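Since the structure is predicted, the reported quantities are computational estimates derived from the model, not experimental observations. Chain identifiers are assigned alphabetically (A, B, ...) following the order of the sequence lines, protein sequences preceding nucleic acid strands; residue numbering begins at 1 within each chain.
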Protein chains: 2
Amino acid sequence: MRKEQSTNAENIRKIIALCPLSYTQTVIGGRWKPLILDRLMHGIQRYSEIRKSIPPITERMLTMQLKELERDGLIARAEYGKVPMRVEYTLTEKGASLKTVLTAMYHWGSEFNTTLTAT
Amino acid sequence: MRKEQSTNAENIRKIIALCPLSYTQTVIGGRWKPLILDRLMHGIQRYSEIRKSIPPITERMLTMQLKELERDGLIARAEYGKVPMRVEYTLTEKGASLKTVLTAMYHWGSEFNTTLTAT
DNA sequence: AGGATGACGAACAATTTTGTTCGTTATTGC
DNA sequence: GCAATAACGAACAAAATTGTTCGTCATCCT
C-alpha cells in the first residue's frame with residue numbers, strides 16, 4: 001500500500017502528468033507483470049497454469065500482481081466452481097492492446113540481452 | 001547495490017533467463033529511466049538540461065540512473081571543460097534502438113491513461 | 001572577497017517492493 | 001478419516017528503491 005502523502009507517491013503522480021511514458025511504466029512496471037501479461041497473451045489463463053509457467057514466482061506475488069493488473073483494468077477475473085476453486089484471467093481490451101509494447105520489449109530483449117553471452 | 005546472494009537477486013537472473021521481456025524490463029525499469037531516455041531521444045543531452053526537463057527529479061536520482069544507463073550500455077558520457085564542468089550524454093546504438101519500445105509505451109500511455117479524467 | 005556555477009559523491013532516512021511461513025475453504029480420491 | 005487440491009489472505013521479515021541534506025572542485029562575475 002502507498003502512503004498517499006509521501007514525496008515518493010506524489011512524484012509518481014507528477015511524472016504521470018508529465019509524460020505518458022510514465023503511466024505505461026507504472027502500470028506494467030515491477031518484476032513480474034510483463035511476464036504475467038506475456039503468459040496471458042499466449043493463452044494461459046488459469047492461476048495455477050500461470051504459476052507453473054513462471055517457476056520462481058511465489059503465490060503471494062502472483063496474487064498481488066494479478067490484483068493490481070485487474071485494478072488497472074488490464075485483466076478480468078472469472079471464478080469457476082467452488083472449492084478446489086478454479087479461476088481464469090483474461091486480457092481486457094486495454095490489456096490486449098499492450099501487445100505492441102510487449103512485443104517491442106521482447107524483440108529488443110532478445111536482440112540485446114548480453115548477460116548470457118558467457119557460453 | 002544488490003546483495004548478489006539474495007533470493008531477490010537470484011530471481012532477477014532467473015527471469016532474465018526465462019524470457020527476453022525481463023531483460024528489457026530490468027534495463028529500462030525504475031521510475032526515471034523511461035523519462036530520461038525520452039529526453040535524450042529528443043536531443044536533450046546536458047545533465048542540467050535533463051534535470052530541468054524533469055522537474056521532480058533530484059540530482060542524486062538523475063546521477064544514479066545515468067550511471068546505470070551507462071553501465072548497461074544505453075548511453076555514453078562525455079565531459080567538456082573543467083570546473084563549472086559540463087557533461088553531455090548521448091544514446092548509444094543500443095540505447096537508440098529502444099526507440100520502438102519507448103514509442104509504443106508512449107502511444108499506449110497517451111491512449112489509456114485515465115488518471116487525469118477528472119476534468 | 002564573496003557568491004554563483006555544473007555535475008556530481010556521501011551519509012543517512014523514509015518508503016516501497018519482494019520474499020517467507022503459515023492458515024483457510026469444502027470436496028474428492030484413497 | 002485423512003491427505004490432496006486451487007487460489008488465495010495475513011503477519012512478518014528482508015532487500016531494494018527513492019528521497020534529504022550537505023559538501024566538493026576551481027573559475028568567473030561583481
Side-chain angles (χ1 to χ4, degrees), chain A residues 1-15 22 25-36 44-71 75 77-89, chain B residues 1-15 22 25-36 44-71 75 77-89:
Chain A
M1 286 306 137
R2 289 256 160 71
K3 264 213 170 178
E4 294 301 330
Q5 299 308 336
S6 64
T7 305
N8 197 314
E10 276 174 38
N11 276 349
I12 289 186
R13 285 183 226 114
K14 285 183 189 168
I15 64 176
S22 298
Q25 176 67 12
T26 299
V27 162
I28 68 172
R31 180 169 305 181
W32 308 105
K33 283 179 187 170
L35 243 8
I36 295 171
I44 296 178
Q45 314 190 312
R46 290 195 56 178
Y47 179 93
S48 54
E49 295 298 318
I50 299 172
R51 186 156 79 87
K52 264 186 284 184
S53 76
I54 308 176
I57 204 174
T58 62
E59 297 194 340
R60 168 172 150 76
M61 276 301 124
L62 180 52
T63 302
M64 289 184 63
Q65 303 307 301
L66 287 170
K67 282 238 165 306
E68 290 188 20
L69 290 170
E70 196 190 355
R71 178 200 63 192
I75 65 176
R77 196 187 106 106
E79 284 186 21
Y80 301 99
K82 244 316 182 187
V83 156
M85 202 201 289
R86 165 194 182 133
V87 179
E88 288 187 4
Y89 293 91
Chain B
M1 286 304 137
R2 290 256 160 70
K3 263 214 168 175
E4 293 302 329
Q5 299 307 337
S6 63
T7 305
N8 196 311
E10 275 173 40
N11 276 351
I12 289 186
R13 284 184 226 114
K14 285 183 190 168
I15 65 176
S22 298
Q25 177 67 14
T26 300
V27 162
I28 68 172
R31 179 170 306 180
W32 308 106
K33 283 178 186 170
L35 244 6
I36 295 172
I44 295 177
Q45 314 191 313
R46 290 194 57 177
Y47 179 92
S48 54
E49 295 298 318
I50 299 171
R51 186 156 80 86
K52 262 184 286 183
S53 75
I54 308 176
I57 203 173
T58 62
E59 297 195 341
R60 168 173 150 76
M61 277 300 125
L62 179 53
T63 301
M64 288 184 65
Q65 303 307 301
L66 287 169
K67 282 237 164 305
E68 290 187 19
L69 290 170
E70 195 189 356
R71 180 201 62 192
I75 65 176
R77 197 188 106 108
E79 283 185 19
Y80 300 100
K82 245 314 181 187
V83 156
M85 201 200 289
R86 167 196 182 131
V87 179
E88 289 187 3
Y89 293 91

**OP:** Round to a whole Å and report the spacing from CD1 of A:I36 to C1' of C:dT18.
**Re:** 13 Å
Subject >> Along DNA chain C (nearest heavy atom to each residue), the more 5'-positioned of A:E59 and A:W32 >> reply: A:W32
Original post:
Taking the side chain of A:S48 as heavy atoms from C-beta outward, which of D:dA6, C:dT5, D:dA15 is closest to it?
Top reply: D:dA6
Original post:
Does C:dC8 have OP1 or OP2 sitting under 4.0 Å from an N or O in the side chain of B:R77?
Top reply: yes
Subject >> B:R31 (side chain) and D:dT17 (base): donor-acceptor pair under 3.5 Å >> reply: no
Subject >> Any donor-acceptor pair under 3.5 Å from A:R31 side chain to B:N8 backbone >> reply: yes
**OP:** Figure out the CD/C1' separation between A:E68 and D:dG9, and round it to whole Å.
**Re:** 15 Å
**OP:** Give a yes/no answer on whether the side chain of A:T63 brings an N or O atom under 4.0 Å of OP1 or OP2 in D:dG9.
**Re:** no
Subject >> Of all pairs that satisfy salt bridge (Lys or Arg N to Asp or Glu O under 4.0 Å), the ones with a partner from residues 61-70 of chain B, not counting sequence neighbours >> reply: B:K33-B:E68
Subject >> Heavy-atom closest contact (A:I28 atom, A:P34 atom, distance) >> reply: O-CD, 3.4 Å
Original post:
Could A:K52 and A:E49 be called an ion pair, given the rule that one side-chain N must be under 4.0 Å from one carboxylate O?
Top reply: yes
Original post:
Which is true for B:Y80 with a 4.0 Å heavy-atom rule: it touches a base, it touches only sugar-phosphate, or it touches nothing?
Top reply: nothing
**OP:** Please figure out whether B:R60 or A:T58 has its closest DNA chain C nucleotide nearer the 5' end.
**Re:** B:R60
Original post:
Nearest-Å distance, CE (A:M61) to C1' (C:dT17)?
Top reply: 7 Å
Original post:
Is there a donor on the side chain of B:R86 or the base of C:dG6 sitting less than 3.5 Å from an acceptor on the other?
Top reply: no
Subject >> Minimum-distance pair of heavy atoms, taken over all atoms of A:L66 and A:I75 >> reply: O-CD1, 3.5 Å
Original post:
If you look at every strand shown and take non-hydrogen atoms under 4.0 Å, does A:K52 touch a base, only sugar-phosphate, or nothing?
Top reply: nothing
Subject >> Nearest-angstrom distance from the residue atom CD of B:E88 to C1' of C:dA7 >> reply: 13 Å
Subject >> Between P of D:dT20 and CG of A:N11, the distance in whole Å >> reply: 7 Å
**OP:** Quickly work out the A:M64 CE to D:dG9 P distance and round it to whole Å.
**Re:** 10 Å
Original post:
Taking atom C1' of C:dG6 as reference, at what distance in whole Å does atom CZ of B:R46 sit?
Top reply: 7 Å
Original post:
Nearest-Å distance, CZ (B:R51) to P (C:dA7)?
Top reply: 9 Å
**OP:** Verify the contact: side-chain N or O of A:Y47 to OP1 or OP2 of D:dT5, cut-off strictly under 4.0 Å; return yes or no.
**Re:** no
